[in-house]
Each structure stands twice: as structure tokens, then as C-alpha cells.
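Note sheet for the following structure.
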Amino acid sequence: MIKTRFAPSPTGYLHVGGLRTALFNYLFARKYGGQFVLRIEDTDQSRQVEGAVENLLNTFTRLGIDFDEGPTQGGEKGPYFQSQRLDIYHKHIQLLLDANTAYPCFCSEDRLKEVRAKRQAEKLNTPYDRHCVSIPQNLAIEMMKSQPYVIRLKSPESETVSFKDAVRGEVSFNSDEIDDQVLMKTDGFPTYHFANVVDDHLMGITHVIRGEEWLPSTPKHVLLYRYFGWTLPTFAHLPLLLNPDRSKLSKRQGDVAVEDYLAKGYLPEALLNFVALLGWNPGDDREIFSIAQLEQEFSIDRIQKSGAVFDVEKLKWMNGAYLKDLPLEKLSEIARPYFKDAGLEIPDETTYQKIVDFARKRISLMTEIVSESSMFYQLPEFSPEDLDLLRKKSSKTVLQYWLDQVPRKPVWTEGEIKELLKSTTQDFQVKGRDLYFPLRLALYGSCHGPDIPALIDILGTDEATVRLTRALQK
RNA sequence: GGCGCAUUCGUCUAGUGGUUAGGACGCUGGCCUCUCACGUCGGUAACAGGGGUUCAAUUCCCCUAUGCGCUACCA
């Protein structure tokens, strides 16, 4: 049984990189009928953010990504907050202590800083100098009663620690380069390195799919699995998501929170689709995938090794593609709140959908739908150039003729409007721009825009009459 | 500095021991059309460099360069 997990620290919002990691874990589990777990890594007490978990959960809900086990749905392997698993970690650290594969360290932060600074000055690497490793066990136990301490991993000497990464193949490190990592902090909380190994094992995680930034600390984790006598999960380290300058995707260079993209009018489906294609591809030219299709197609061996720039331009295009393809009724529903928020009265359903259908072709974000269709709601405003055009003699002739004709029918068909256009040309010798521009300007507020028949269709006879009258008065 | 990972158009990427190195975004030209948008048909642009191995390397190996990541009692 495949089991994957997404294990974020609750920093306040879901990062798009986190979304990609979560998505890959989700897809992999779904593809093989496995389980997907959400675990909150809240072991850093100094970085607690109010409401962060709720916000995270909410974002996943909006995206339609659901978990089989986690804070909301519970599960047999809980609790799913690391801060609630402290006794588990203490029990396990004792195992290590007993086996002498971990040891207490009483060094002060100042001393550690000093040692590090000295090594750095000599241009050497800066691991812990193992000052406390040789304290006799009985003495250490005494000291633990009276002094603050941390528990450190005891890294073996001069051997190669290697593991097979599902994305990168064999990766190996010299154990001398592996720091005696702190496993338990002075405050009694575990560090990430310790908690994630214990939890992944206890929760039955079979595949650890996470960002490449974890690759250098994986040997520490491998060591822990070994010390506990546990079997290694399969590791798969995902290529980083990058800023346009190819540094690790960060806040400084644009939006990084999923909720920000949602707020900007990106559809969840489009965002998911786009992010799925960052570091993974189906092996052919297809680019538009529903979540269901992705669940079918996803595979770890098609994951890319090198980092991927998060290209907002392409995201926009993809979002636009979704907007153009969505069933009109569905898009209209999605668009409704945007109109409401803008305080625009939604006309009868048929007209409303015509407006949405018109606007969808020229927007790439949902938030643009209001401005792109506001001309149907608001009377046109004219610039000095517009006024010049409207006041031209031929323009007046056309507008007057249309004002005479349009009110004659409550509803005009496309064919009838075309006829009217034709007869205008015949009767008054105006055609091309001299005909269309004044009409469009009067009805729509711009020389550029929809066909005249479409305009009359959406506006209706009454509104068209009002606008023609108004334009003639200018 | 140390360690690790990576390197195909500007970006996301396909691909193979012999290909006109393919697609998509962007940019751009044409068509459609009164216009704009949509659509559609084209164009643009890449195998980091140097050594090998081989009849033949973008593809396999080594080195260099470059980029990125990690180097906390943060995750």
C-alpha cells in the first residue's frame, strides 16, 4: 500500500512550491490507490502563526485536494500535529540514547557560535566539534538532571552513507561530512530531522516526496532509519521552483502564496494544472489536464531533475485557456460574485451569459471579467477624439437613421441587423469604418469591440435607443 | 569556504549513438474581419565549454565552467 504525506510547517499560507509538493504526493497516492496524509510540523515554538493551519486547510479545500488522514479527518496514526506527539519523540530518543547512537550535548550557544566562527575564519566546513560526545554516560545522566542540554545524532566515522533517490538515482555522502545534528532541542521539542523520520516510519509512509532543499540532510535521516533498524522509505527529491532570476522561489519577487493567486482570479484547476507541469511532464505534447487525468498519468520517473522557473506569463495563458473552455453556465456561476462585489446589477440570465461569453474571450484572469464587460452596464464616456467622430456629418446621419429604425422592433435578429447595416450603406453611401465606428462608439463607447449585431443583441432595443439618443446629443 | 544537485530555444519541456533537434508560453508575420478579441496558418530561438569512447556524439565517460541548494537548538 502506497502512502505519501505532505508535511508543512504552519507558516501562515500555502506556498506554491508547497502546493507542487503536495500535488505530486497526492497524485502519486491517488494513482496507486494509496493514502495521502497531512501532518503539521509545528515543532518550532518561536514560529507559531495564529490561524495558519486553518488557512492552510482552507486553501486545500478551495483547490479540491483532500487528505485521507490529517488534522481534520483524523486517522489511526495520529495525532497529526507534531506538537502533540512529544511523548512519542521522547520515547524514541531514549532508544537512541540507550544504544549510544545519540548523546546529550551541554554546549552553550555562545560556545557553538565561537567554534563555528573560528572554523569559518580558517575557511573550513563548520560541523559541531563533538565536544560532548565523550562525556561518560553515567556522568551525562547526572548532568542532564541539572543542566540544559540537547540530544545530538552520533554520526559514524569515515563511511559512505548512500541512498537511492527516485528522481536522481544513487546519491552518496561521506559520513565525516554529516554533522552531529541536534535531534532534541533544549525546550524538549524535536527538530525536523528527528520528528520527520519517527513520524514517517510510525505513520507508514512509503514514499517521501519533498523539495530538493532536503537532499543534503537526507543522509542524517538515513542514519536515523538505520539506528532504529527501520526500512528506508523511497525518497524522491523534487526540483526547486525558481524565480525568474533562477534563485529559489521567494516572496521578494512576486506572489508566492496560493491564496494570492486565487484572489487574483486564477482558477484552482488552472493553477493545479500549471504547477503539475513544473518539473513533470506526460512525455508528449499535451498540456491541459484535469486533476482526474493527472491522477492517471502521473509517474515519478517522469519528474525532471533541474529547477523550473515559475513563469507567470504561461500561467496566465493557461488560466485564459481554461476560461475559454469552461461550460458557459459554469463560468457564469464563477463570475457572479465578481459582478456582485463590483456592485453591478446582473441582468436577466440570458443577457448575463451573453456578456460573460463575450468577456471570456478577452480575459486571462477572473478578476478582469468585470472591467471587460462594464461597457454593457455603464453608459459610454467619450474622449475629445470620440466626440469629433460622433459629430461628423456622416456619423450623425448614420446614428439618426439607426435611432429611427432600432426602436421599431423589440428584438432584432442578427440577420435583421445585417440588413439594416446594408441598407444604411445603400441609402447614405457610408460604409466601413465610417459606418461601424460611430455606431460602435455610440453603443459601446469604443471604436473597437464586438460586432454590431452582437452589441444590439446584448444591449436590447431599449438600451440601444438610449445610447443612440445620447450619442446624437453630444 | 565545505558538501551536494543540476545544465536542450528567453521560459516550461520532448527526444535519440546517425533527427530538417519536436511541442507550448512569449515575441513576431499572414489569414479571418469594419475594428478589437478569439481562432487559424507561419516565423523567431537551444543541445554550457573542453577532452575522450565510437565509423558517428546533443545522447555514454571524465574534467572545467556556470547556476542553484544545504551548511541553525528553522522547517
Side-chain angles (χ1 to χ4, degrees), chain A residues 7-11 41-47 82 105 107-109 112-113 116 119-128 148-152 165 167-168 171-174 176-179 181-193 195-196 210-219 237 239-240 242-248 274 277-288 302 304-318 320-321 324 358-363 372 421 425 431-437 439-441 444 446-452:
Chain A
S9 70
T11 52
E41 310 234 326
D42 55 349
T43 55
D44 186 351
Q45 296 204 291
S46 63
R47 295 212 307 184
Q82 290 187 327
C105 166
C107 293
S108 69
E109 278 195 61
L112 295 175
K113 249 183 230 165
R116 207 172 294 138
R119 298 271 303 179
Q120 200 140 42
E122 294 171 54
K123 293 192 183 290
L124 294 165
N125 60 350
T126 57
Y128 175 56
Y149 62 91
V150 299
I151 306 292
R152 287 183 182 274
D165 187 278
V167 174
R168 286 148 220 281
V171 182
S172 50
F173 295 80
N174 183 330
D176 294 334
E177 303 289 345
I178 303 174
D179 200 359
Q181 182 67 46
V182 171
L183 265 19
M184 276 286 181
K185 301 182 255 185
T186 310
D187 64 2
F189 276 70
T191 58
Y192 168 84
H193 305 284
N196 110 84
R210 76 224 307 191
E212 191 190 336
E213 67 267 31
W214 295 108
L215 197 56
S217 51
T218 305
H237 287 96
L240 257 20
L242 273 23
N243 289 312
D245 71 357
R246 304 202 74 84
S247 56
K248 189 170 153 182
F274 178 70
L277 260 19
L278 254 25
W280 176 84
N281 72 81
D284 53 43
D285 290 343
R286 292 170 300 157
E287 291 199 293
I288 303 295
R302 293 210 67 88
Q304 193 84 3
K305 290 182 180 67
S306 51
V309 172
F310 190 89
D311 180 6
V312 181
E313 281 306 310
K314 186 149 186 179
L315 205 211
K316 260 192 185 169
W317 162 79
M318 188 170 279
K324 286 168 190 82
F358 163 79
R360 77 196 303 190
K361 282 188 294 221
R362 31 193 92 211
I363 63 172
E372 205 51 54
L421 248 10
T425 297
K431 57 178 182 177
R433 297 178 177 219
D434 290 341
L435 169 62
Y436 291 99
F437 279 18
L439 278 174
R440 189 148 38 228
L441 194 52
Y444 183 72
S446 168
C447 295
H448 308 297
D451 294 346
I452 302 300

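- Base pairing of B/rA46 is not made with any nucleotide, judged by Watson-Crick or G-U wobble geometry with both donor-acceptor distances under 3.5 Å.
- Side chains of A/R210 and A/T218 form a contact here, defined as non-hydrogen atoms less than 4.5 Å apart.
- Residues A/I151 and A/V182 are not in side-chain contact: their nearest non-hydrogen atoms beyond the backbone lie 4.5 Å or more apart.
- A gap of 29 Å separates the C1' atoms of B/rU8 and B/rU40, to the nearest Å.
- Applying the salt bridge (Lys or Arg N to Asp or Glu O under 4.0 Å) test to A/D44 and every residue at least two apart in sequence or in another chain returns A/R47.
- For the P atoms, the distance linking B/rC5 with B/rA45 amounts to 36 Å, nearest Å.
- Note: CG (A/L439) to C1' (B/rC36) measures 16 Å, nearest angstrom.
- In this model, no donor atom of one side chain and acceptor atom of the other lie less than 3.5 Å apart for A/N196 and A/E41.
- For B/rC36, its base sits under 3.5 Å from the side chain of A/R362 at one donor and acceptor pair at least.
- Rounded to the nearest Å, the gap between the P atom of B/rU16 and that of B/rC34 is 49 Å.
- Phosphate proximity of B/rC3 to A/N125: absent, as no side-chain N or O sits under 4.0 Å from OP1 or OP2.
- Remark: A/Y192 pairs with A/W214, A/H221 by the ring pair (Phe, Tyr, Trp, His ring centres under 6.0 Å) rule, at least two apart or across chains.
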task = Please test A/C105 against A/R152 for side chain to side chain contact (heavy atoms under 4.5 Å, CB included), starting from the C-alpha separation and ending with a verdict.
result = CA-CA 7 Å; A/C105 166; A/R152 287 183 182 274; 3.3 Å; yes
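- Using a 4.0 Å heavy-atom criterion, one finds that A/L435 contacts no nucleic acid atom at all.
- Nucleotide B/rC60 is matched to B/rG52 when pairs are restricted to Watson-Crick or G-U wobble geometry with both distances under 3.5 angstrom.
- A/F310 has its CZ atom 17 Å from the P atom of B/rC25, to the nearest Å.
- Where A/F173 and A/F358 each meet RNA chain B at their nearest nucleotide, the meeting point lying more 5' is that of A/F173.
- Taking atom CG of A/N243 as the reference point, atom P of B/rC12 lies 12 Å away to the nearest angstrom.
- With a 4.5 Å cut-off on side-chain heavy atoms, A/H237 and A/D165 count as touching.
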message = Generate the contact string for nucleotides 45-50 of chain B. Rules: B means base contact, S means sugar-phosphate contact only, - means no protein heavy atom under 4.0 Å.
response = ------
Any N/O pairs under 3.5 Å between the protein and nucleotides 22-24 of chain B? List them or say none.
{"unit_1": "B/rA24", "atom_1": "O4'", "unit_2": "A/E287", "atom_2": "OE1", "d": "3.4"}
{"unit_1": "B/rA24", "atom_1": "O2'", "unit_2": "A/E287", "atom_2": "OE1", "d": "2.4"}
{"unit_1": "B/rA24", "atom_1": "O2'", "unit_2": "A/K314", "atom_2": "NZ", "d": "3.3"}
{"unit_1": "B/rA24", "atom_1": "N3", "unit_2": "A/K314", "atom_2": "NZ", "d": "3.1"}

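- Considering only side-chain atoms of A/Q304, the nucleotide from B/rC68, B/rG39, B/rA14 that sits closest is B/rA14.
- Residues A/L421 and A/L439 are in side-chain contact: their nearest non-hydrogen atoms beyond the backbone lie under 4.5 Å apart.
- Across all strands shown, A/G307 has heavy atoms under 4.0 Å from sugar-phosphate atoms exclusively, and none from any base.
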What's touching nucleotides 58-67 of chain B from the protein side, N or O pairs under 3.5 Å?
none

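- The phosphate of B/rC36 (OP1 or OP2) has no side-chain N or O of A/R433 nearer than 4.0 angstrom.
- The distance between atom CZ of A/R210 and atom P of B/rG69, rounded to the nearest whole Å, is 18 Å.
- Residues passing the salt bridge (Lys or Arg N to Asp or Glu O under 4.0 Å) test with A/D179, sequence neighbours excluded: none.
- Atom CG of A/D451 is separated from atom C1' of B/rC38 by 11 Å (rounded to the nearest Å).
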Protein proximity profile, nucleotides 70-75 of chain B - base contact B, sugar-phosphate-only contact S, no contact -, cut-off 4.0 Å on heavy atoms = SSSBBB
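- With sequence neighbours left out, A/D434 forms a side chain to side chain donor-acceptor pair (under 3.5 Å) with no residue at all.
- Within 4.0 Å of A/G279, counting heavy atoms only, lie sugar-phosphate atoms of the nucleic acid but no base atom.
- Spacing between B/rC68 and B/rC32 at atom P, rounded to whole Å, works out to 49 Å.
- Comparing A/S172 and A/I452 along RNA chain B, the residue whose closest nucleotide (by nearest heavy atom) sits nearer the 5' end is A/S172.
- For A/R286 and A/D284, the salt-bridge test passes: some basic side-chain N is under 4.0 Å from an acidic carboxylate O.
- In this structure the side chain of A/N281 reaches within 4.5 angstrom of the side chain of A/Q304, judged on heavy atoms.
- The partner of B/rU33 cannot be assigned: no Watson-Crick or G-U wobble pair with both contacts below 3.5 Å exists in any strand.
- B/rC73 and B/rU13 have their P atoms separated by 34 Å, with the value rounded to a whole Å.
- Across all strands shown, B/rU20 forms no Watson-Crick or G-U wobble pair with both key distances under 3.5 Å.
- Using a 4.5 Å cut-off on side-chain heavy atoms (C-beta onward), A/R440 and A/I452 make contact.
- Remark: the separation of the P atoms in B/rC47 and B/rU11 is 12 Å, to the nearest Å.
- Between the NE2 atom of A/H237 and the P atom of B/rC5 there is a distance of 12 Å, rounded to whole Å.
- Nucleotides B/rC25 and B/rG39 place their P atoms 9 Å apart, quoted to the nearest Å.
- Listed by chain and number, the residues in a salt bridge (Lys or Arg N to Asp or Glu O under 4.0 Å) with A/K314 are A/E287 (sequence neighbours excluded).
- Comparing the C1' positions of B/rG1 and B/rC9 gives an interatomic distance of 36 Å, to the nearest angstrom.
- When the side chain to side chain donor-acceptor pair (under 3.5 Å) test is applied to A/T126, no partner is found at least two apart in sequence or on another chain.
- The salt bridge (Lys or Arg N to Asp or Glu O under 4.0 Å) test applied to A/R168 returns A/E212, not counting sequence neighbours.
- Using the Watson-Crick or G-U wobble rule with both distances under 3.5 Å, B/rG69 pairs with B/rC3.
- In this view, A/R246 and A/L242, A/V309 satisfy the side-chain contact (heavy atoms from CB on, under 4.5 Å) rule, not counting sequence neighbours.
- Between A/N281 atom CG and B/rG15 atom C1' there is a gap of 11 Å when expressed in whole angstrom units.
- Residue A/D311 contributes atom CG, which lies 12 Å from atom P of B/rC25 at whole-angstrom precision.
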